[in-house]
Amino acid sequence: MDYVLPNELVDGMIAAGGKKATVSAKNLLVRGFYSGAILGLATCLAITVGIQSKMPFLGSFLFPFGFASIVLFGMELVTGNFALLPMATWAGKSTWRSTFRNWTWVWIGNFIGTLLVAILLSISLTSAGTVEPLAASDGGKGWALIAAKIISINKANVLVKYEALGSTGFFLAFLRGVIANWLVCLGVTMALVSKSVPGKILACWLPITAFQTMGMEHIVVNMFLHTAGPLLGSGVPFTKVIFWNFLPVTIGNIVGGMVFIGMLFYSTHRTKMSNVLPSIHDEKLERELAAELGAR
């Protein structure tokens, strides 16, 4: 049967979370690197399509291909782990020390991936520094206009929307981080409810499109935008990027994933493994759960 029942899903997430807590730092970095890099590319694609088509929603609709590949390949995305690892800890399959260890290494891996893509794209979009990014209002064309849009987003989502509003801005960045990861973790969890590739892709697509279209704050996407922006010449100090965006958005993503997905699902569908898994050792079922939840 293609459909995974909610209690099977939650118990499988708990088991997978316990395994993720023991994954080596090397594998966390490698898998985190892939996730950060592919989301950086997906973000640039969304911006490019939105500008070229003059339909921002179309770019947002295509953006989830990066998330779909992360789900299918069992890679590590720190925002998804914000929901998964606490569930394993509450169930006694992990510890908070192991949880924070996982989050730290995956966060670093995600950042390295987005940083590399930001460097490569900043070279590409400016033709190796020979073309200056043009302001969108100046009617720039081609890749320079994409670079200008990234610079605009970098300035807006650090200086205008948040720093200029002081403590209110910090809270708004946190709040939008909560909403973003609520939707992202919903998409990832919905993908785990299906065992088929088409089912997984379809299930995760719309929640990811929603967060992107609504302009919410996802830390890994922001890692790309707010490293590419300064590299392209936005002039935004990285210290301000960290304080006014990375910090509140990371905290918001933790709350959004851990509370509104992890805690909610754990509290209502948590059962003892013996009530879900067959009494006879079923290696095939265990391997399917592990593979679906990236616990290999």
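Values below: every heavy atom of this structure, side chains too, minus hydrogens, waters and symmetry copies.
- For Phe224, there are no ring pair (Phe, Tyr, Trp, His ring centres under 6.0 Å) partners two or more places apart in sequence or in a different chain.
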Phe67 vs His218, ring pair (Phe, Tyr, Trp, His ring centres under 6.0 Å): CA-CA, chis, key distance, verdict: CA-CA 12 Å; Phe67 278 90; His218 184 273; 5.5 Å; yes
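- At most 12 heavy atoms of other shown residues, nucleotides or ligands fall within 6.0 angstrom of atom CH2 in Trp105.
- Two different hydrophobic clusters hold Val160 and Phe170 under the rule that ILVMFWY side chains link at heavy-atom gaps under 4.5 Å.
- Linking Ile, Leu, Val, Met, Phe, Trp and Tyr whenever their side-chain heavy atoms come within less than 4.5 Å leaves Leu202 and Leu72 in two separate clusters.
- Remark: Ile146 CD1 to Leu232 CG distance equals 11.0 Å, nearest 0.5 Å.
- Thr209 and Ser60 share no side-chain donor-acceptor pair at under 3.5 Å.
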Please set out all donor-acceptor pairs under 3.5 angstrom arising from side-chain atoms of residues 175-186, sequence neighbours excluded.
from   : atom 1 : to     : atom 2 : distance (Å)
Arg176 : NH1    : Tyr162 : OH     : 3.2
Asn181 : ND2    : Thr79  : O      : 3.0
Asn181 : ND2    : Asn253 : O      : 2.7

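- Residues Glu76 and Ser35 approach most closely at O-OG, 2.8 Å, considering heavy atoms.
- In terms of the ring pair (Phe, Tyr, Trp, His ring centres under 6.0 Å) criterion, Phe65 has no residue partners (sequence neighbours excluded).
- With hydrogens and angles left out, the side-chain atoms of Asn154 and His226 include a donor and acceptor closer than 3.5 Å.
- By the side-chain hydrogen bond (donor to acceptor under 3.5 Å, both in side chains) test, Asn102 is found to be paired with Asn81, residues two or more places apart in sequence or in another chain being considered.
- The salt bridge (charged side-chain N to carboxylate O under 4.0 Å, His left out) search around Lys240 returns Glu163, not counting sequence neighbours.
- Between the side chain of Asn110 and the backbone N or O of Gly32 there is at least one donor-acceptor pair closer than 3.5 Å.
- Each of Ile51 and Val131 belongs to its own hydrophobic cluster when Ile, Leu, Val, Met, Phe, Trp and Tyr are linked at side-chain heavy-atom distances under 4.5 angstrom.
- Under the 4.5 Å side-chain heavy-atom criterion for Ile, Leu, Val, Met, Phe, Trp and Tyr, Leu206 and Leu58 are members of distinct hydrophobic clusters.
- In this structure a side-chain-to-backbone donor-acceptor pair under 3.5 Å is present from Ser122 to Ile119.
- Identified under the salt bridge (charged side-chain N to carboxylate O under 4.0 Å, His left out) test for residues 226-239, with sequence neighbours left out: none.
- Expressed to the nearest 0.5 Å, how far CG of Leu77 lies from OH of Tyr34 amounts to 11.5 Å.
- In the displayed structure, Phe174 atom CZ is contacted under 6.0 Å by more than 12 heavy atoms of other residues, nucleotides or ligands.
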Could you walk me through whether Ile70 and Ile38 pass side-chain contact (heavy atoms from CB on, under 4.5 Å), step by step? CA-CA 8 Å; Ile70 292 169; Ile38 199 65; 3.9 Å; yes
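- By the rule that hydrophobic residues join a cluster once side-chain heavy atoms approach within less than 4.5 Å of another member, Val106 and Val30 end up as members of separate clusters.
- Taking CD from Glu217 and NZ from Lys161, the interatomic distance works out to 6.5 Å, rounded to the nearest 0.5 Å.
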